[in-house]
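Have a look at the structure below, then the notes.
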Number of protein chains: 2
Amino acid sequence: MHTHFTIDCVIYSFHEGQLKVLLTERNESPYSGWWALPGFFVNKYEEMEDAVARISYEMTGLKDIFMEQLAAFAGVKRHPEGRILTVAYTTLIRFDDVKNKVKPVTDYMRQANWFSVSELPELAFDHQEIINLSLDKLKRSISYSTAPFELLPDKFTLTQLQQVYEEILRKKLDKRNFRKKIMNLGYLKELNEVQQHVSYRAARLYKFDKRKFAKLFSQE
Amino acid sequence: MHTHFTIDCVIYSFHEGQLKVLLTERNESPYSGWWALPGFFVNKYEEMEDAVARISYEMTGLKDIFMEQLAAFAGVKRHPEGRILTVAYTTLIRFDDVKNKVKPVTDYMRQANWFSVSELPELAFDHQEIINLSLDKLKRSISYSTAPFELLPDKFTLTQLQQVYEEILRKKLDKRNFRKKIMNLGYLKELNEVQQHVSYRAARLYKFDKRKFAKLFSQE
DNA sequence: TTTAATAGTGTAATATTTACACACTATATT
DNA sequence: AATATAGTGTGTAAATATTACACTATTAAA
């Protein structure tokens, strides 16, 4: 009638054209030395949302990131000591905002690192399964979520946006059709600025307009 | 680091044109005498899926129903004794299959009864919140889920199907457009049978073709 | 036979999706 | 100055899907 209770975090970012997930190297038995999702035990009198904030910080050094619940995983056989119920949370962050800040502030993990979701090492516990479920959800919800814009910098090119879509959907899209469709949605603001420091024709930059996006999905 | 662990079940059916949810009257403190989702504690060495089957049976008398996970709820203040973490599960069943069988087989609940989701009594704990989340999910996923057919009998009329859609989406649909669209999807089989015992023009019956439905969503 | 209740059906206008290829531009290199 | 490189930016026609909209047909009961 009691169970251990943990939180695991699936933290995505986008870098060099690839969807990345943040993993930590465990320093504790079981699975010591294995890569795993950042996660830890919830305290007795701690609200789940507070635990998510605390644990994501302790395991990765990242602060103030908003996480959304994915699902609960509770296999009795996940751990020799008996059941450990974990609730998985997901978030998406801008790689550039955090690139040098990702470092555990606890001894439970030795290091943290970004891995391309298509080239993951063998993971501890059922963490691969958790990631798979989370990728499915991301794919299904992409058309009505702000996910792509949470992964990109404030100003981005349409090619970058298309790459994010292609990574999440795991398929190539047609450039002209993609641009037509995304611009038609009306929540991208075209800027009078272009990319800097590229050795080819610089692409125009765009911004995401949260308000217009919200309006689009408010009434329906 | 430990928590109580329960399962709560959100069980829907469709009857007399309305989406119904199955509630149980509690016979235990706290909230004794209140209506609540059928739910109970998970045993120490019990797999979560087994607990779902056992608890849904004990609280409602229903056997062999497949439930899908909705989310975990874990407020510290849900219960005076401290945190009780509950994982909510959802299912959809055919009203006619179960109409006389719904009865708790435990003393923890006094009775079970169907309520229209638009006219619920005040519920114990945060159960209204759980139902709201579940209704949202049902709405969002209706176009790519088998939900409407799980609520209907094996043979059904297009009007019944449209009513299910209207209840889940909470809006009226145009009859001609609805029929055009649903028939175009190609997974309804038209039967050479009509409704019996109706005091007006009998409607044609249809069946849901699972295979064709699955094919439709397999490759994409 | 009439009434009441629901079943069943089509079309035109508009919007969305798909398939598809080449010229343009900025920089780096010689 | 000329050229190579690498990625940007753009249009159209065909097919498909969506929307708005109203009357006739059928059955059983009165």
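Note on naming: letters A, B, ... go to the chains in the order of the sequence lines (proteins, then strands), and numbering restarts at 1 for each one.
One atom, CD of A:Gln195, and another, P of D:dG9, lie 8 Å apart when rounded to the nearest Å. Counting to the nearest Å, the C1' atom of D:dG7 and the CG atom of A:Leu158 are 13 Å from each other. Rounded to whole Å, the distance from CZ on B:Phe178 to P on C:dG10 is 18 Å. If you measure from atom CG of A:Asp174 to atom P of D:dG9, you get 15 Å, rounded to the nearest angstrom. What separates NZ of A:Lys172 from P of C:dT18 is a distance of 18 Å, to the nearest Å. Distance A:Leu173 CG to C:dA19 P: 11 Å, rounded to the nearest Å. Atom C1' of nucleotide D:dT8 and atom CD of A:Gln163 are separated by 13 Å, given to the nearest angstrom. Protein atom CZ of B:Phe156 is 20 Å distant from nucleotide atom P of C:dT6, rounded to whole Å.
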Contact string for nucleotides 22-30 of chain D, one letter per nucleotide 5' to 3', B = base within protein heavy-atom range under 4.0 Å, S = sugar-phosphate only, - = neither, reads B--BBBSS-
Please produce a list of atom pairs where a protein N or O lies less than 3.5 Å from an N or O of nucleotides 11-17 of chain C.
unit_1: C:dT11; atom_1: O4; unit_2: B:Lys180; atom_2: NZ; d: 2.9

Could you check B:Tyr89 against B:Ser56 for side-chain hydrogen bond (donor to acceptor under 3.5 Å, both in side chains), going step by step and ending with a plain yes or no?
CA-CA 10 Å; B:Tyr89 275 75; B:Ser56 61; over 6 Å; no
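Looking at heavy-atom distances under 4.0 Å, A:Arg179 makes contact with a base. Backbone-only engagement by A:Thr159 is indicated by non-hydrogen atom pairs under 4.0 Å involving sugar-phosphate atoms exclusively.
For A:Phe208 and A:Phe213, the distance between ring centers is under 6.0 angstrom. For A:Trp35 and A:Phe115, the ring centers are positioned less than 6.0 Å apart. The aromatic ring centres of B:Phe5 and A:Phe5 sit 6.0 Å or more apart.
Remark: B:Lys212 fails to qualify as a cation-pi partner of B:Tyr187 under the 6.0 Å distance and 45° angle criteria applied to the six-membered ring.
Under a 3.5 Å cut-off, the side chain of B:Arg94 and the backbone N or O of B:Leu152 do form a donor-acceptor pair. With B:Gln160 contributing its side chain and B:Thr157 its backbone, the two residues share a donor-acceptor pair below 3.5 Å. A donor-acceptor pair under 3.5 Å is absent between the side-chain atoms of B:Glu68 and the main chain of B:Thr91, judged by distance alone.
A:Phe66 CZ: 12 or fewer foreign heavy atoms inside a 6.0 Å radius.
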